[in-house]
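Keep in mind it's a predicted model, so treat the numbers as computed, not measured. Sequence lines set the chain letters: A, B, ... in the order given, protein chains first and strands last, and positions in each chain run from 1.
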Amino acid sequence: MKKVPLIMAVLTVAVLALFPLLRPEVYYLSFLFTLFMYVVLSSSWNVIGGYAGYLSFGHAAFFGIGAFATAKMATAFSLSPLLTILSSIPAGLLAALVALIVGYPCLRIRGPYFSVVTICFAFVVDLAVKNIEELGGAEGLWMTFMDLPEETSRAIMYEVMLLLMVVTLATVYLLGRSRFGRGLTAVRTDEEVAETMAIPTAKLKIQAFVVSAFFPGVAGGLFAYYLSYIHPDAVFSINISILIVLMAMFGGGGTWLGPIVGAVILTVVNEGLSTFAQAEIARIIYGALFIIVTIFMPDGIIAYFRRWATAQRKA
Amino acid sequence: MDPVLVIQSLISGVMMGMVYALLGVGFSLTWGVMHVIHISHAVFGLLGAYFAYTLLTLYGVDPVVSAMVSTPLLFIVACAVYQVLIRPLTKAREMVVASMILTFGLAIILENLLVLVWKADPRLLTPSYASESWIIGPFYLQYPHLIGFALSLVGISSLYVFLKKTTTGMAVRAAWQNQEAARLYGVNLFRISMITFALAVSTAGAGGISLALLYSFEPHSHNLWLIYLFLVVIVGGVGNVIGTALAGLIIGVITGLSMAFLPYQWVNLITFGLLMVFLIFRPHGLFGEVG
Amino acid sequence: MGKKKSKHAFLLFFLIGVCLTAGLPASVLGAAKPIVIGGSLPLTGQYAETGQWIERGMRYWAEEVNAKGGLLGRPVEFKIYDDQSEVSKAVTFAEKAITVDKVDLLFGGYPGTAARAVMAVAEKHKYVYVSMGGHMKSFQQGYTYSFGAPPLMGEWWYEGFFQWLATLPANQRPKRAAVYTINNPVGLSLMDSINRWTKKLGIQVVINEKYNAPLADATPLIVKAKQLNCDLLFSNGFFPDGVTTIKAAKALNYNPKAIVQGIGSVIPAWVKELGRDGDYVFSGTSLYNKLNYPGNDKLNAYVKKKYGLDGYPLYFGFGYAWMQTLEQGVRGANSLNQTKIRDWLKTHKVHTIAGPMTFDKNGLPPPINFCTQIIDGKVELIWPKNIRTREPVYPKPAWK
Amino acid sequence: MLEIDGLTVAYGKMTALRDVSMAIRADDMVALLGGNGAGKSTLLNTISGLVQPEKGEIRWQGQSLRGLGPDIICSLGIIQVPEGRKLFPAMTVEENLLMGAYLPAARKVRRQSLDWVYSHMPHLAQRRRQRAGSLSGGEQQMVAIGRALMARPRLLMLDEPSLGLSPRASAEVFAIVSNLNREGMTTIIVSQEVQETLSITSYAYVMENGGIALHGPSAALREDPEIKKSYLGL
């Protein structure tokens with residue numbers, strides 16, 4: 001990263017980290033918590049979906065696996081708050097392990113077929129959890145929340161999710177600029193050509209898939225603790241899977257900044273629009289946003305403004 | 001295992017699968033020919049269902065008649081939608097992605113317009129034969145299933161005949177096998193795309209009516225329908241009309257058999273699990289992409 | 001170039017416009033300083049239908065209260081967010097209502113999964129939360145600010161049906177039951193009373209199966225029940241699967257002595273859309289529009305005039321009744337202090353359209369045991385016997 | 001018949017054609033030679049209307065082709081047999097041929113055209129029901145030429161018709177092409193097979209880096225040793 005953007009990034013993170021000291025209302029912490037969470041989800045999705053061009057429509061599965069793993073660990077061992085938060089790391093590892101197992105056969109499939117396999121995968125996980133009594137089945141799981149004032153506990157969750165976001169973004173950034181990232185881009189551009197250039201595409205794809213599953217798994221664990229009651233419908237919903245993809249693509253898939261921009265815009269607009277009195281109209285405006293942005297910026301917001309900036313410089 | 005249960009489950013499963021195939025076949029075409037993944041496809045199916053519902057409740061028009069009427073109407077609507085929304089997308093570097101995002105937005109808009117016009121309450125399409133059966137020995141052929149099945153057969157086979165026997169249909173197939181060559185011989189891709197899109201949407205309307213004969217529907221039902229038609233399309237092979245129909249049958253058989261032999265709790269899990277395994281071994285569908 | 005510029009301007013304008021309208025704080029309070037009641041409902045998405053009926057019931061209550069001079073001398077006003085049928089949104093909007101809008105009162109949400117999550121929020125912020133609740137399990141989590149007033153309690157839903165069934169001579173009761181249950185919190189909570197009562201009444205549960213939504217086809221369910229000679233059918237599902245099951249039962253000419261349809265048959269669409277095929281189905285409820293408690297007539301008249309329905313829909317009544325409870329809590333405590341309201345509610349009797357009720361330490365009234373049956377296209381109350389609106393039809397006549 | 005004047009084409013920042021001018025007379029058979037990436041295919045695609053030029057003009061019998069789409073240009077009788085044949089692999093041979101006669105004018109006479117094509121390429125008639133994708137390379141090239149003929153061309157442009165073919169198949173293709181020219185078909189042929197192409201054409205253009213490096217009668221180019229060495233790799 002060049003100097004100026006790096007300083008800006010550090011400043012942004014610092015401001016965000018200090019935000020709870022202003023003692024904002026709990027809602028803002030919760031809202032930013034979900035916003036950070038979606039940045040984590042769409043940015044890590046971007047590793048497999050954006051860089052490698054494998055559009056996974058089942059990423060909610062990893063999110064949900066993380067959520068249920070954490071919830072199960074926390075309730076089964078009556079973990080302390082700190083341990084519960086930490087347990088989201090093994091939960092993320094579990095998600096990554098599942099990605100490794102599932103990715104091996106699935107990543108041989110290309111294009112839209114891969115997308116559909118991942119949809120099926122997410123359904124399978126969702127239905128399996130609903131049928132397993134030990135995981136709460138169709139009832140869901142309750143977690144005991146930390147015995148702290150609400151402001152403090154929400155601030156803790158906020159800081160932890162912020163940390164996860166920073167780690168995710170840094171990892172994705174470094175990956176994108178490494179040989180690994182270039183290899184993935186080669187896979188997206190033309191997988192056969194990449195293979196002839198002796199790029200180990202199969203290995204790269206698996207690694208990308210595992211990475212892109214790990215962070216959502218951790219985020220899922222934190223989300224479970226944040227919600228304190230989780231139900232399969234709340235974490236495995238196909239809407240979450242679709243939203244992750246849309247956020248990344250809306251901003252611009254394959255770029256580092258794209259998913260961040262997409263996640264921020266869509267989360268803010270969607271949350272804000274929900275305050276409208278006439279709910280349907282709000283949803284219609286939200287839908288129109290997708291249409292207008294796609295018509296004018298068919299390759300995503302980032303690509304559009306990059307082109308615009310180059311044009312400005314030329315002119 | 002009781003043979004009556006198995007056969008009865010198979011019959012209704014197969015009919016159900018065919019109905020999804022009618023909804024899916026157009027989706028398959030737009031995807032194969034135009035590289036447009038049309039997320040709002042099933043909403044147009046719902047539009048057909050609401051259209052039939054309104055005609056039935058207000059004027060007693062039979063859903064089959066409504067299907068005949070809605071097809072040309074939706075064709076015209078779809079031409080407009082194509083010109084205004086889909087055609088500009090040809091500029092996109094990745095048409096598939098851009099089309100998905102755009103039509104996702106369109107689906108949200110249409111869904112909520114449906115709520116504004118018809119309210120969010122669930123609806124049922126209940127012609128006089130809604131829960132009657134044709135009884136053959138120990139078996140019951142439910143009329144709504146039969147009619148949905150027949151509509152699907154007619155819809156899919158007319159689409160097939162159109163593609164195989166007409167010049168325009170040939171141009172559609174040509175366009176999707178090799179766009180550049182098709183253009184060189186005078187095929188106007190925009191016109192062909194518009195026709196493909198419009199045909200897809202109008203068959204979706206008929207498919208929606210057939211589905212409405214089987215299930216209740218509400219404005220958000222399209223999300224569920226979309227998942228099923230996605231599966232039918234993928235198993236059949238993208239762009240493969242006959243494949244889609246056969247895939248409908250296969251998914252019907254899987255559902256029917258698993259309902260006959262398994263605890264219901266596991267049926268959906270097994271269905272999706274089997275599909276996943278199936279896709280892993282036959283990544284381009286049972287019948288290949290082109291046909 | 002000029003054309004390009006205007007395109008940019010338009011885009012920028014559009015984006016900024018959306019962001020502005022989205023972020024606009026809508027807290028433009030009037031001079032009278034109304035009491036603001038906030039929270040979220042699923043106004044769009046999967047549960048939009050129910051959410052909208054609850055909203056209508058709540059708004060009717062506010063209309064009425066404001067016409068009578070308001071609450072504590074102040075008008076009431078709603079701040080309703082649309083949670084798009086998503087649990088996590090219901091949670092953040094509850095927090096928004098509490099911490100940002102600093103609403104005076106919180107209202108309850110739907111469905112059970114959302115209520116379960118929001119109950120925890122209400123507890124942490126010490127806000128009274130009157131809602132349907134999320135069935136018995138959610139009331140056993142030790143929350144003190146949550147009230148089911150009246151609740152939608154799956155565990156009690158069939159209580160009335162079984163109590164009535166017990167009054168039949170033993171030889172007329174059904175002998176073999178087929179139980180098909182949707183695999184979600186509502187469905188599972190219904191199993192409690194089925195298990196208890198079938199044992200007590202000596203009814204053999206021949207089939208007991210759960211299914212995950214969506215139910216692709218109900219034909220096999222009916223064939224099985226028919227083949228095993230089940231004369232009592234429990235279809236413990238929502239509207240879509242409930243309808244599919246009933247339609248299959250008629251198409252396959254399956255005639256049990258009684259059909260009990262749990263949750264799908266309680267919404268107005270059942271009678272309206274299914275017509276005569278929906279007749280004779282039993283269900284439970286925790287409030288009923290022909291109950292002889294004050295308010296029901298008025299609500300029915302209003303719904304008739306405004307929506308053309310005979311009798312208010314269940315969720316319209318719920319929205320109204322929850323508000324009634326909250327209103328009486330506020331009046332009783334003569335304050336907007338949440339703890340005072342809670343304590344008053346825990347120690348006093350409230351009067352709602354569902355009848356008078358007192359709450360135990362979990363925030364629940366004593367079990368409610370209404371049983372309904374749809375007869376001639378109308379939802380009739382058949383249990384408890386002393387307030388029945390019509391004699392039950394049993395055994396169910398054969399399909400025509 | 002076809003005049004090209006100062007044609008410049010760019011793909012983004014890359015200039016593919018710069019200031020190309022040429023003239024083709026009726027009944028002529030012209031060779032277009034040059035190495036890979038010299039701009040030959042781009043030139044044909046620009047004439048066909050698949051690519052829009054940045055500058056310059058193409059005139060067909062005095063009428064400018066500027067801004068016309070490929071369907072209009074096709075209807076004017078300017079037909080291309082694209083590089084790599086670009087058949088419709090899942091369609092039968094006959095369907096491929098019929099696609100050549102897609103536009104209304106050609107469609108009216110498609111039965112006669114079909115007979116005419118089958119008479120020129122009798123073994124296509126035997127394979128009419130076979131999927132085009134299942135044929136050998138030489139046969140596929142025949143289908144591609146046959147498809148172009150179905151469009152009733154007045155100017156036939158062949159892009160690398162012999163690429164990837166066996167010497168025998170290649171000779172056959174060249175024989176058919178020169179035969180067509182003798183019957184009065186104006187033809188442009190792009191090829192890497194310099195000797196053969198020069199031997200059947202009357203005039204040749206040599207392209208390099210998107211421009212015309214030189215041009216002259218084929219016979220003269222074939223003789224000039226200097227040219228042979230530096231441009232034609234002979």
Less than 4.5 Å to any heavy atom of chain A: does that hold for the side chain of [X], its backbone, both, or neither?
X: B:V267; value: neither
X: B:W31; value: side chain
X: B:L89; value: side chain
X: B:L113; value: both

message = Tell me if a side-chain donor or acceptor on A:D299 pairs with a main-chain N or O of B:A92 at a distance below 3.5 Å.
response = no

I need the minimum non-hydrogen distance between [X] and [Y], along with the two atoms involved.
X: B:I280; Y: A:C106; value: CD1-SG, 4.0 Å
X: A:F250; Y: B:I101; value: N-CD1, 3.9 Å
X: B:I109; Y: A:A288; value: CD1-N, 3.5 Å

Hey, which of [options] has the most heavy atom pairs under 4.5 Å with chain A?
options: B:L106, B:N223, B:I39; answer: B:L106
options: B:I270, B:L231, B:V97; answer: B:V97
options: B:L116, B:V115, B:T271; answer: B:L116
options: B:A120, B:A107, B:A98; answer: B:A98

For a 4.5 angstrom cut-off between non-hydrogen side-chain atoms, does [X] reach [Y]?
X: A:V117; Y: B:L275; answer: no
X: A:L246; Y: B:M100; answer: no
X: A:I284; Y: B:I108; answer: no
X: B:K91; Y: A:F296; answer: no
X: A:V116; Y: B:M276; answer: no

Over 60° means perpendicular and under 30° means parallel, so classify the ring planes of A:F123 and B:F272, tilted if in between.
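Parallel.
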
Which answer fits [X], side chain, backbone, both or neither, if we ask what part of it has an atom under 4.5 Å from a heavy atom of chain B?
X: A:F57; answer: side chain
X: A:Y286; answer: side chain
X: A:R108; answer: side chain

Crowded around B:E94 CD? As in, over 12 foreign heavy atoms under 6.0 Å?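 No, not enclosed.
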
More than 12 heavy atoms of other residues, nucleotides or ligands under 6.0 Å from CZ of A:R306: yes or no?
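No, the 6.0 Å shell around CZ holds no more than 12 heavy atoms from other groups.
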
Look up atom [atom1] in [X] and atom [atom2] in [Y], then write down how far apart they are to the nearest 0.5 Å.
X: A:I291; Y: B:F104; atom1: CD1; atom2: CZ; answer: 11.0 Å
X: A:C120; Y: B:L269; atom1: SG; atom2: CG; answer: 11.0 Å
X: B:L102; Y: A:T294; atom1: CG; atom2: OG1; answer: 4.5 Å

The test is side-chain contact (heavy atoms from CB on, under 4.5 Å); show your working for B:T103 and A:F290 and say whether it passes.
CA-CA 8 Å; B:T103 53; A:F290 284 99; over 6 Å; no

Within residues 234-242 of chain A, the residues sitting under 4.5 Å from chain B by heavy atom, in sequence order, are A:I238, A:I242

By side chain to side chain donor-acceptor pair (under 3.5 Å), B:Q265 pairs with (sequence neighbours left out) A:N131

